There are 2 protein chains.
Amino acid sequence: MPDQPSHKPSGHVGDVPGDEAPAVLRADARRNRERVLEAAREVFAAQGVDAPISAVARRAGVGVATLYRRFPTRTALVTAAYAEQLDLCAAAFDEALADPDPGRGLYTLLEKVCATQAVDRGFAPVFMDRFTDSLAHDPERACAEERVAHLVRRARESGQLRADFDQADITLLLVASSGLAGQPRDIALAASRRLLASFFQAFQTQLPGPLPPPARLEPPRRPY
Amino acid sequence: MPDQPSHKPSGHVGDVPGDEAPAVLRADARRNRERVLEAAREVFAAQGVDAPISAVARRAGVGVATLYRRFPTRTALVTAAYAEQLDLCAAAFDEALADPDPGRGLYTLLEKVCATQAVDRGFAPVFMDRFTDSLAHDPERACAEERVAHLVRRARESGQLRADFDQADITLLLVASSGLAGQPRDIALAASRRLLASFFQAFQTQLPGPLPPPARLEPPRRPY
DNA sequence: CGGTAAGTGGATGACACCGTCCGTTCGACG
DNA sequence: CGTCGAACGGACGGTGTCATCCACTTACCG
């Protein structure tokens, strides 16, 4: 690659036919990009990933066109907005696998994921899409499944979890927990903790211990 | 009131200013009304109460206007569509209170409600709105709360449920269970059963028993 | 400081759903 | 069987979201 004067990346004319992404943005563009992402996180967290794009743009103090240029499709925006958080999840995953106490590792991981699901209305769909099997055309997803299976097996074999605990119960817990999304933050967190704890309690081999306090959640009044 | 020839109900002119409901419908009208309600149940079950009205009309083989005349607002349609099912719930409620074994009564009741929630995407919001407290301007709702409290208290005092089981946990279970809606029918049912059983298991005072089989549910791929 | 292309925001057309209006159909009664 | 009005259904205007286009602005480099 010939030495570039540090700016103007991929600037020479005949780079690649479909070459459209200037890799380095103008200062204001980069600033706006960040504002959009932050706005997206806020709006998606509050209203879910189906929230109107214009709402994100408005919140970011930016025109719709600006947003669409940077993120041509809703999926692109959603993906970018949750990229960091998904990486955090992957890290938490590694931590769980590294924990010498398999039961605790699994529990801590689920605690994090469930809490995020409860607090952020948009998170669950993205997370499910990223880390969950089923069709699993994506190797990463298959790998995640693999690792969950490993965690579950270890916890079971260590005698901390009942033999009839199934890997599918993880999915069940996650899906159930995703129903908590949209509650006021504190309540959602408390509910999430209580749900996870009781679910685990059921599969515990040891004597039952105390549970986190109950959460007095107000059922979602759907405006039908 | 002058004698009416048996048809033409409320037909005399100056009945009440806003008098609009002819109490007895023409044969075809009544038939269409039923078809609309059935279609509504099907569509709402599959797509939720937010489904387009036109979809209901199409499925019923009826024009939109027909539907709107009979059910001027979405709420009216939803309410009418779920009226029977809500009555069933009320009945199940009574059964639960009548059961000499308080634990079993509560469990059976929740089993029914959770199953319905899992199978019918539109049911949860309606049910929550009908039977759940919070603002409770509605006396019936307050009463329902009252009765749930009674059930819970009895089950706790009979020693079947742990002391730290809270009435709010019922709501938690229902909200969590509502997250299962939209899955394929069989899977949703299995998941619902498993979730309920493990949740209860956690609060059981007796030794842990067997659980219903795990449900291999496929996480909802939201089309964002 | 000036030129230029990247960047911007608002206007715009396409689309889906809502809820009403109106000309037509057909059930009920005489 | 004829009449009348209840009931019907498709068409239509209104609204909100999506995604694109275009004329203006401005950051960056020489």
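On a predicted model such as this, the values are computed, not experimentally measured, just so you know. Quick note on labels: first sequence line is chain A, next is B, and so on, each numbered from 1. Side chains are part of it too, since the values below use all heavy atoms of this structure and drop only hydrogens, waters and symmetry mates.
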Kindly say if Asn32(B) contacts the phosphate of dC8(D), meaning a side-chain N or O under 4.0 Å from OP1 or OP2. yes
Evaluate the criterion salt bridge (charged side-chain N to carboxylate O under 4.0 Å, His left out) for residue pair Asp94(B) and Arg147(B); output intermediate values, then yes/no. CA-CA 9 Å; Asp94(B) 291 334; Arg147(B) 304 207 287 174; 2.8 Å; yes
Which part of the nucleic acid does Arg69(B) contact within heavy-atom distance under 4.0 Å: base, sugar-phosphate only, or nothing?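 Base contact.
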Using whole Å, what does the distance between atom P of nucleotide dG10(D) and atom CG of Leu67(B) come to?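 Those two atoms, CG and P, are 13 Å apart.
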Closest-nucleotide 5' rank along DNA chain C - winner of Arg74(B) and Arg31(B): Arg74(B)
Can you tell me the distance, in whole Å, between the CZ atom of Arg30(A) and the C1' atom of dT26(D)?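 Roughly 16 Å, once rounded to whole Å.
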Taking the minimum atom-to-atom distance to the side chain of Tyr68(A), which one of dA7(D), dA27(D), dC18(D) wins?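 Among the listed nucleotides, the one closest to the side chain of Tyr68(A) is dC18(D).
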For residues Val36(A) and Leu77(A), determine if any side-chain heavy atom of one lies less than 4.5 Å from a side-chain heavy atom of the other. yes
Which is true for Ala27(A) with a 4.0 Å heavy-atom rule: it touches a base, it touches only sugar-phosphate, or it touches nothing?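 Counting heavy atoms under 4.0 Å across all strands, the contact made by Ala27(A) is with sugar-phosphate only.
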Any Thr66(B) side-chain nitrogen or oxygen under 4.0 Å from OP1 or OP2 of dG9(D): yes
Look at the side chain of Arg70(B) and decide which nucleotide, out of dG7(C), dC21(D), dC8(D), has an atom nearest to it.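 Of the options given, the side chain of Arg70(B) lies nearest dC8(D).
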For the CZ atom of Phe123(B) and the SG atom of Cys114(B), what is their distance to the nearest 0.5 Å?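 It is 10.0 Å, given to the nearest 0.5 Å.
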What class does the angle between the rings of Phe165(B) and Phe199(B) fall in, given that below 30° is parallel, 30 to 60° is tilted and above 60° is perpendicular? perpendicular
Would you kindly compare Ala55(B) and Asp28(B) by the position of their nearest DNA chain C nucleotide and give the one closer to the 5′ end?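 Taking each residue's closest nucleotide, the earlier one in sequence belongs to Ala55(B).
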Evaluate the ring planes of Phe131(B) and Phe93(B), with Trp represented by its six-membered ring, and classify them as parallel (under 30°), tilted (30 to 60°) or perpendicular (over 60°).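 Answer is tilted, since the angle falls between 30° and 60°.
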Nearest whole angstrom, please: distance from the P of dG9(D) to the CD1 of Ile53(B).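 About 16 Å, once rounded to whole Å.
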Return the 5'-most residue of the pair Arg58(A), Pro72(A) with respect to DNA chain D, ranking by each residue's nearest nucleotide. Arg58(A)
Figure out the OH/P separation between Tyr224(B) and dC18(D), and round it to whole Å.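 Taking atom P of dC18(D) as the reference, OH of Tyr224(B) is at 16 Å.
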The side chain of Arg26(A) is closest to which nucleotide in this list: dG9(C), dA6(C), dG10(D)? dA6(C)
